[in-house]
Amino acid sequence: MTHPRSTRAARTDGPQDDTPAHGDTAARDAQGAESAAARDAQAPEDANPLATTDTPSTPNTPSTHTTQPTLDTALSSSPAGLRRHLTTHLDPAALAWLEHALDEAAAHPGIHGPISPWELRLAEAGRRCGAAYADAARVLILDAARAGTDALTRVYFQGTADERRAVLHALPHLVSGPGALPLVEDALRTNDTRLLTAAVGPYAARHLAPHDWRHAVLKCLFTGVPVDRVADLPRRARGDGELARMLGDYAAERTAAGRTVPEDLYRVLDLTESAGPAAGTDHPHGKES
């Protein structure tokens with residue numbers, strides 16, 4: 001089914017109130033998201049994983065605008081694929097540092113005292129490998145250290161936003177069950193769009209309960225995180241009538257307020273109308289609160 005689209009509004013720097021009525025928890029979390037995003041844009045290290053870069057140009061060759069592929073492609077691959085990617089892209093000095101850091105982490109895995117040697121390397125990754133490859137380097141260090149749920153939890157809650165993001169990206173490779181969901185849930189309560197993007201990855205797709213996953217999708221809409229960053233979106237949204245209701249309510253509230261409905265909302269709404277109920281759907285006969 002095709003839904004009528006509202007005309008897209010031009011992006012502005014002014015604040016918008018995207019919070020729907022009825023006291024929705026995810027909506028309350030989204031208040032102030034624009035100002036948080038503005039602060040994120042000024043972060044000194046790994047400033048924006050969705051950012052694009054300009055390739056170097058010569059006097060006779062115009063520069064080209066290309067999407068930085070590191071987060072889009074490499075971080076969604078296995079650790080072996082991630083290592084191949086960095087081996088190809090890092091300069092010799094950075095690669096030598098990374099190899100040493102990985103050997104050190106493999107030799108002293110797990111937690112040792114107040115801080116493990118490999119945890120110190122997480123803090124160095126941005127300076128040693130550069131912002132474009134720091135996330136990938138940190139994921140490899142976590143994997144080499146065989147960081148379990150306890151170690152990942154410590155790094156997440158004691159680390160910087162960059163280190164927290166790396167933990168979220170590493171979860172699918174290091175934690176097989178739902179034991180690390182509190183880290184995902186914490187990230188989903190923030191307005192840091194970088195953390196939100198990492199939080200809605202494969203681990204969340206695999207383990208978040210239907211209610212929490214629906215609110216994560218809404219949080220992406222509130223904060224402007226593209227829904228194509230939501231891992232396994234077509235499968236989880238398929239036939240989900242409750243998600244369709246929540247999206248419809250949000251669209252109606254924005255329309256009544258004279259605001260533009262995000263185009264991504266209609267994309268997800270179309271997915272909910274695909275045949276078949278979503279696996280594990282809760283509240284099949286009633287509304288979620």
Side-chain angles (χ1 to χ4, degrees), residues 1-11 16 18 26-27 29-30 33-34 36-37 40-41 46-53 65-78 81-82 85 132 135-136 139 165-166 168-173 184 187-188 190-208 210 212-240 242-244 246-248 250-251 254 260-276 278-279:
M1 176 178 177
T2 302
H3 302 276
R5 266 60 166 171
S6 302
T7 302
R8 291 193 183 190
R11 292 182 61 186
Q16 297 183 12
D18 285 344
D29 290 342
E34 290 81 2
D40 296 340
D46 294 351
N48 186 355
L50 307 182
T52 56
T53 59
H65 201 56
T66 58
T67 300
Q68 175 55 256
T70 302
L71 190 66
D72 294 345
T73 55
L75 285 174
S76 62
S77 68
S78 66
L82 196 57
H85 181 84
D135 278 355
V139 171
R165 190 170 64 251
L168 295 169
H169 284 306
L171 290 180
H173 310 304
V184 174
L188 291 173
T190 75
N191 288 319
D192 183 335
T193 55
R194 300 172 300 161
L195 283 178
L196 291 174
T197 300
V200 292
Y203 188 82
R206 200 176 300 157
H207 297 294
L208 267 184
D212 296 326
W213 183 82
R214 293 175 188 128
H215 283 273
V217 173
L218 286 176
K219 186 69 175 277
C220 288
L221 294 172
F222 301 154
T223 57
V225 172
V227 296
D228 59 11
R229 301 287 177 172
V230 180
D232 213 5
L233 177 65
R235 179 187 68 84
R236 292 216 55 169
R238 184 179 303 119
D240 192 336
E242 181 59 24
L243 177 60
M246 296 166 71
L247 294 170
Y250 179 46
R254 287 193 64 86
T260 302
V261 177
E263 188 72 13
D264 270 357
L265 183 147
Y266 292 114
R267 291 179 56 198
V268 181
L269 196 56
D270 285 340
L271 291 173
T272 67
E273 295 178 351
S274 301

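One is the number of the first residue; the rest follow in order along the sequence. The model shown is predicted, which means the values in this text are computed figures rather than measured ones.
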Does the [X] side chain pair with the main chain of [Y], one donor and one acceptor, at a distance under 3.5 Å?
| X | Y | answer |
| --- | --- | --- |
| R236 | A205 | yes |
| K219 | V225 | no |
| R254 | T260 | yes |
| D264 | P226 | no |

Closest non-hydrogen atom pair between [X] and [Y], with its separation:
| X | Y | result |
| --- | --- | --- |
| V139 | A166 | CG2-O, 3.7 Å |
| A199 | A204 | O-CB, 3.1 Å |
| A244 | T272 | CB-OG1, 3.4 Å |
| P202 | P172 | CB-CG, 4.0 Å |
| A198 | R165 | CB-CG, 3.7 Å |

Let me confirm one number: the [atom1]-[atom2] distance from [X] to [Y], rounded to the nearest 0.5 Å.
| X | Y | atom1 | atom2 | result |
| --- | --- | --- | --- | --- |
| L269 | L247 | CG | CG | 5.5 Å |
| D212 | L188 | CG | CG | 8.0 Å |
| L271 | L243 | CG | CG | 9.0 Å |
| H215 | F222 | NE2 | CZ | 8.5 Å |
| T223 | L196 | OG1 | CG | 5.0 Å |
| C220 | R229 | SG | CZ | 10.5 Å |

Check: Would you call R267 and D270 a salt bridge, using N to O less than 4.0 angstrom?
Finding: no
Check: Does the side chain of L168 reach to within under 4.5 Å of the side chain of Y203, using non-hydrogen atoms?
Finding: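 The answer is no; the side chains never approach within 4.5 Å.
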Margin query: With a 4.5 Å cut-off on side-chain heavy atoms, are L233 and V268 touching?
Written below: yes
